[in-house]
Amino acid sequence: MKAYTKFVNQVFTCISDLFPNRAKELDLFAEGSEQVYSSMQEYAVLRNENADLFCSLITQYTELFEMPQSDYQPIYSPIYPSERKITHSCYPKNIRRWMNGTISRKKTCRVEFCVLVWCHIQNWNRPVEEDVDKFLIARSRLLKICNEFLHAEYFQLSLECLWKASCAAYEQSFPGF
């Protein structure tokens with residue numbers, strides 16, 4: 001199994017352990033904890049505060065991701081003017097592909113995966129309340145996964161640490177790419 005495939009599998013399993021409904025884990029991962037899912041395998045939509053957080057993180061960390069200044073902005077729905085949304089590449093069909101060994105060669109997809117993971121591990125900036133232990137365990141596991149791929153000993157989980165681990169796993173799968 002390629003290193004990046006292993007990375008995606010381990011990270012997805014870590015994050016999906018936070019979900020209350022394992023039957024919909026791909027939808028929950030792709031679209032957050034919204035009550036309404038697109039139920040589509042070939043696209044995913046983040047709405048409102050989730051879309052805002054996702055876009056702001058990508059924009060804030062463009063230098064880390066070594067991407068040109070980002071145009072990530074939620075768009076307003078023409079049908080529901082109060083709803084903001086954005087589509088992204090981490091939809092169920094792609095996640096399944098990445099977990100089964102098809103490795104995304106698009107950097108944007110890898111960035112979106114890491115940012116989406118970070119949003120989940122931070123509970124989308126919502127209070128954790130009764131699940132504090134569950135999130136602490138998941139953060140600890142995710143840090144351990146990152147350290148495994150970085151061959152380092154980071155002591156604090158960050159989006160930077162997660163991105164560097166993703167890059168290291170990708171580089172192990174495609175040396176010199």
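The residues of the chain are indexed from 1 along the displayed sequence.
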**Prompt:** Residues two or more places apart in sequence or in another chain: which of them pass side chain to side chain donor-acceptor pair (under 3.5 Å) with Gln172?
**Reply:** none

**Request:** Please round to the nearest 0.5 Å and tell me the distance separating atom CD of Glu112 and atom SG of Cys90.
**Result:** 5.5 Å

**Request:** Identify, with sequence neighbours excluded, every residue that meets salt bridge (Lys or Arg N to Asp or Glu O under 4.0 Å) alongside Lys164.
**Result:** Glu160

**Request:** Please say whether the positively charged group of Arg105, taken as NZ for Lys or CZ for Arg, lies over the ring of Phe174, i.e. under 6.0 angstrom from the six-membered ring centre and within 45 degrees of the axis.
**Result:** yes

**Request:** Could you tell me whether the side chain of Asn123 and the main chain of Arg126 form a donor-acceptor pair under 3.5 Å?
**Result:** yes

**Message:** Please find the pair of heavy atoms, one from Ile86 and one from Cys55, that lie closest to each other, and give the distance.
**Reply:** CD1-SG, 3.3 Å

**Asked** Atom OG in Ser16, atom CG in Asn9: separation rounded to 0.5 Å?
**Response** 10.0 Å

**Item:** Main-chain N/O of Gln10 paired to Thr13 side chain as donor or acceptor, under 3.5 Å
**Value:** no

**Asked** Taking all atoms of both residues into account, what is the closest heavy-atom pair of Leu57 and Cys119, and its distance?
**Response** CD1-SG, 3.7 Å

**Asked** Which residue pairs satisfy the ring-ring contact (aromatic ring centres under 6.0 Å, His included) criterion with at least one member in residues 46-79, sequence neighbours excluded?
**Response** Phe54-His88, Phe65-Trp163

**Prompt:** What distance do Asp27 atom CG and Tyr91 atom OH have between them, rounded to the nearest 0.5 Å?
**Reply:** 14.0 Å

**Shared hydrophobic cluster, Tyr154 / Leu136 (ILVMFWY, side-chain heavy atoms < 4.5 Å)** = yes

Kindly list each side-chain donor-acceptor pair under 3.5 angstrom involving residues 78-85, sequence neighbours excluded, with atom names and distances?
| residue | atom | partner | partner atom | Å |
| --- | --- | --- | --- | --- |
| Glu83 | OE2 | Arg47 | NE | 3.3 |
| Arg84 | NE | Asp52 | OD1 | 3.1 |
| Arg84 | NE | Asp52 | OD2 | 3.1 |
| Arg84 | NH2 | Asp52 | OD2 | 2.7 |

**Item:** Steps toward side chain to side chain contact (heavy atoms under 4.5 Å, CB included) verdict (Lys144, Glu148)
**Value:** CA-CA 6 Å; Lys144 186 177 178 181; Glu148 175 187 339; 6.0 Å; no

**Message:** To the closest 0.5 Å, what do you measure between CZ (Phe19) and CG (Leu28)?
**Reply:** 5.5 Å

**Asked** Can we call the ring centroids of Phe113 and Phe29 under 6.0 Å apart?
**Response** yes

**Complete:** Glu66 meets the salt bridge (Lys or Arg N to Asp or Glu O under 4.0 Å) criterion, sequence neighbours left out, with none

**Request:** Calculate, to the nearest 0.5 Å, the distance between atoms CE and OG1 belonging to Met67 and Thr62 respectively.
**Result:** 8.0 Å

**Request:** Flag the pair Trp118 / Leu53 as yes when at least one side-chain heavy-atom distance between them is below 4.5 Å, and no otherwise.
**Result:** no

**Prompt:** Do Ser104 side-chain atoms and Cys109 backbone N/O form a donor-acceptor pair below 3.5 Å?
**Reply:** no

**Request:** Working to the nearest 0.5 Å, report the span between CG of Leu150 and CG of Leu143.
**Result:** 9.5 Å

**Message:** Donor-acceptor pair, distance only, cut-off 3.5 Å: does the side chain of Ser166 make one with the backbone of Leu162?
**Reply:** no

**Request:** Go through Thr108 and Ser89 one step at a time and tell me if the side chain to side chain contact (heavy atoms under 4.5 Å, CB included) criterion holds.
**Result:** CA-CA 8 Å; Thr108 303; Ser89 63; 5.6 Å; no

**Item:** Check: Phe7 ring centroid to Phe149 ring centroid under 6.0 Å
**Value:** yes

**Asked** With sequence neighbours excluded, what pairs up with Asp17 under the salt bridge (Lys or Arg N to Asp or Glu O under 4.0 Å) test?
**Response** Arg22, Arg141

**Heavy-atom neighbours of Lys107 NZ exceed 12 at 6.0 Å** = yes

**Item:** Polar side chain donor-acceptor pair, Arg97 to Asn94, under 3.5 angstrom
**Value:** yes

